[in-house]
Amino acid sequence: MAQHRKITSLLAGAALAFSGTAAFAADYTLTISSWAPPTHNINAKMWPKFTEMVEEATDGKVTTELKLGLAPPPAQMDLIQDGAADLSIIFHGYQAGRFVTTKLIELPGYTGNAEEASVAYWRAYDKYLSNANEHRGVKVVAMHTHGPAQLHTADKVTELDEISGLKLRVPGGVGGDVGEALGATGIKVPAPKVYETLASGAADGVVMPVDSRQGFKLTEVAPHLYEMPGGFYRGSFAFIMNEGSFQRLPEDIRTALEEEVFGEPISREIGKIWDAGDQNSLELTKETEGNTITVASEADQARFEEISASIIDSVIEEVGETGVDAQAAYDMLTEALSED
């Protein structure tokens with residue numbers, strides 16, 4: 001067995017481990033910080049897919065190690081900037097004011113699944129949104145979004161008007177704007193706290209992707225699903241990497257990662273996993289006793305479209321104030337995610 005060497009400089013920015021064992025030939029191990037539950041698709045499938053792609057692109061020279069609970073969701077950006085881990089996933093809505101351009105993908109009204117939306121999102125980010133430099137201090141590995149977010153409640157909701165007055169867990173960003181426009185009282189807690197918030201009765205429901213019915217066990221505490229075709233919003237996520245950790249990798253490895261993994265390739269694969277999670281959760285909902293699915297009526301769909309219009313206009317104006325061409329980015333997303 002070859003000698004095992006490891007570089008440990010967490011606060012300085014390198015959590016790269018060298019391993020020369022006969023059984024495993026990776027030279028570099030990148031530490032991943034993740035805040036989702038162990039069984040959630042973020043940890044069960046997304047990071048494993050990322051690792052698989054990294055290992056394949058680098059001929060096994062680079063692998064990863066997943067660590068949970070290093071910091072709460074809103075602290076992940078700072079954690080990576082400080083070098084306490086090499087990689088993480090961030091949800092932009094948890095940090096109000098820090099990210100503005102990312103709200104464009106959160107808007108209601110897009111068609112298309114998470115794969116299509118994540119690819120379109122990366123392209124819009126690469127062409128327009130990255131000019132705002134909102135992720136300064138870290139390297140952006142992927143930009144992606146989950147499928148359409150829907151309403152999950154303890155008591156059944158059958159009409160849009162019934163949302164008014166409900167206490168709903170909503171994320172920051174556009175999700176919060178939509179909740180307010182519908183007359184709900186917003187309760188902001190990170191996704192990992194959703195189950196206990198609903199179980200305790202502190203909230204009447206939550207607006208999250210369908211994937212969460214399995215990932216966060218909503219079938220147990222929010223048995224009723226109210227589905228708005230196209231969703232109430234979409235969430236904005238990024239995979240990010242410590243810049244120093246990336247630069248410490250050899251040039252040929254950096255090139256392989258840039259060409260074969262980072263950007264559109266991994267953004268697409270993450271989108272596929274979000275889609276599969278939605279389908280699995282729909283099946284679980286149908287199979288779980290006491291769970292129901294109600295699709296919004298055409299009248300309520302039309303009303304929600306009217307409500308959404310002012311939110312869309314407001315976000316485009318807000319994003320434009322960052323200096324990026326917000327209208328062009330929105331048009332790019334809309335064209336990519338429009339029905340044929």
Side-chain angles (χ1 to χ4, degrees), residues 35 72-74 91-100 102-103 105-109 145-213 215-237 285 290-297 299-315 318:
W35 43 265
F91 180 74
H92 296 105
Y94 287 152
Q95 300 181 70
R98 188 167 189 170
F99 301 100
V100 176
T102 57
K103 294 176 75 173
I105 194 61
E106 298 175 354
L107 292 170
T145 177
H146 56 55
Q150 306 295 357
L151 175 64
H152 315 261
T153 55
D155 296 323
K156 193 172 183 178
V157 169
T158 60
E159 297 180 0
L160 199 64
D161 283 341
E162 296 173 4
I163 297 175
S164 181
L166 293 181
K167 294 181 294 181
L168 299 180
R169 181 272 179 187
V170 294
V174 171
D177 296 339
V178 169
E180 183 179 352
L182 293 175
T185 299
I187 298 175
K188 293 185 179 180
V189 296
K193 299 290 185 181
V194 163
Y195 185 95
E196 62 186 78
T197 301
L198 290 169
S200 68
D204 300 310
V206 59
V207 188
M208 295 182 80
V210 177
D211 167 88
S212 300
R213 297 192 66 73
F216 292 107
K217 301 181 180 179
L218 297 186
T219 52
E220 299 177 9
V221 290
H224 305 290
L225 171 62
Y226 179 74
E227 181 181 343
M228 178 65 65
F232 289 97
Y233 73 92
R234 295 180 188 244
S236 176
F237 297 84
T285 300
N291 277 226
T292 67
I293 300 174
T294 302
V295 178
S297 66
D300 278 347
Q301 292 178 46
R303 283 193 56 221
F304 182 66
E305 186 175 348
E306 292 177 1
I307 291 170
S308 300
S310 61
I311 295 174
I312 292 170
D313 290 342
S314 176
V315 168
E318 182 183 6

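Counting from 1, the numbers follow the sequence of the chain as shown.
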Calculate, to the nearest 0.5 Å, the distance between atoms CG and CZ belonging to D211 and F216 respectively. 8.0 Å
Taking F304's backbone N and O only, do any of them form a donor-acceptor pair with S308's side chain (distance below 3.5 Å, no angle check)? yes
If you define the side chain from C-beta out and look only at heavy atoms, does anything of I307 sit under 4.5 Å from L160? yes
Among side-chain atoms of E162 and T158, is any donor-acceptor pair under 3.5 angstrom? yes
What distance separates T285 OG1 from H152 NE2, expressed to the nearest 0.5 Å? 8.0 Å
Considering only heavy atoms from C-beta outward, does the side chain of V170 approach that of V178 to under 4.5 Å? no
Side chain T145, main chain S236, donor-acceptor under 3.5 Å: no
Donor-acceptor pair, Y195 side chain versus E220 backbone, under 3.5 Å? no
Output the distance between atom CD (E305) and atom CD1 (I312), rounded to the nearest 0.5 Å. 8.0 Å
Sidechain-backbone polar pair: Q150 side chain, M228 backbone, donor-acceptor under 3.5 Å: yes
Value for CD1 (I311) from CD (E106), rounded to nearest 0.5 Å, stands at 11.5 Å
Contact check, side chains of M208 and F232, non-hydrogen atoms, under 4.5 Å: no
In this structure, which one of D155, T153, T292 forms a side chain to side chain donor-acceptor pair (under 3.5 Å) with H224? T292
Would you call P148 and R234 a side-chain contact if the rule is heavy atoms closer than 4.5 Å? yes
Separation of K103 NZ from D177 CG (nearest 0.5 Å): 4.5 Å
If you take all heavy atoms of A191 and Y94, which pair is closest and at what distance? N-OH, 2.8 Å
For H92, is there any backbone N or O sitting under 3.5 Å from a side-chain donor or acceptor partner on R98? no
Are the side chains of E196 and V189 in touch, meaning some heavy atoms are under 4.5 Å apart? no
L168 vs I163 side-chain heavy atoms within contact, under 4.5 Å: yes
Starting at CG of D204, measure out to CG of L166 and round the result to the nearest 0.5 Å. 5.0 Å
On a heavy-atom basis, the closest approach of D300 and Y226 is OD2-OH, 3.4 Å
Is the closest side-chain heavy-atom distance between W35 and P190 below 4.5 Å? no
Side-chain touch L225/N291, heavy atoms, less than 4.5 angstrom: no
Which atom of L198 lies closest to which atom of A203, heavy atoms considered: CD2-O, 3.8 Å
Shortest non-hydrogen separation from A296 to P229 and the atoms involved: CB-CD, 4.4 Å
A quick test of your reading: do over 12 heavy atoms of other residues, nucleotides or ligands sit less than 6.0 Å from CD of E318? yes
Closest non-hydrogen atom pair, L218 against S212: CG-O, 3.4 Å
What one should report as the nearest heavy-atom pair of F91 and P171 is CE2-CB, 3.6 Å
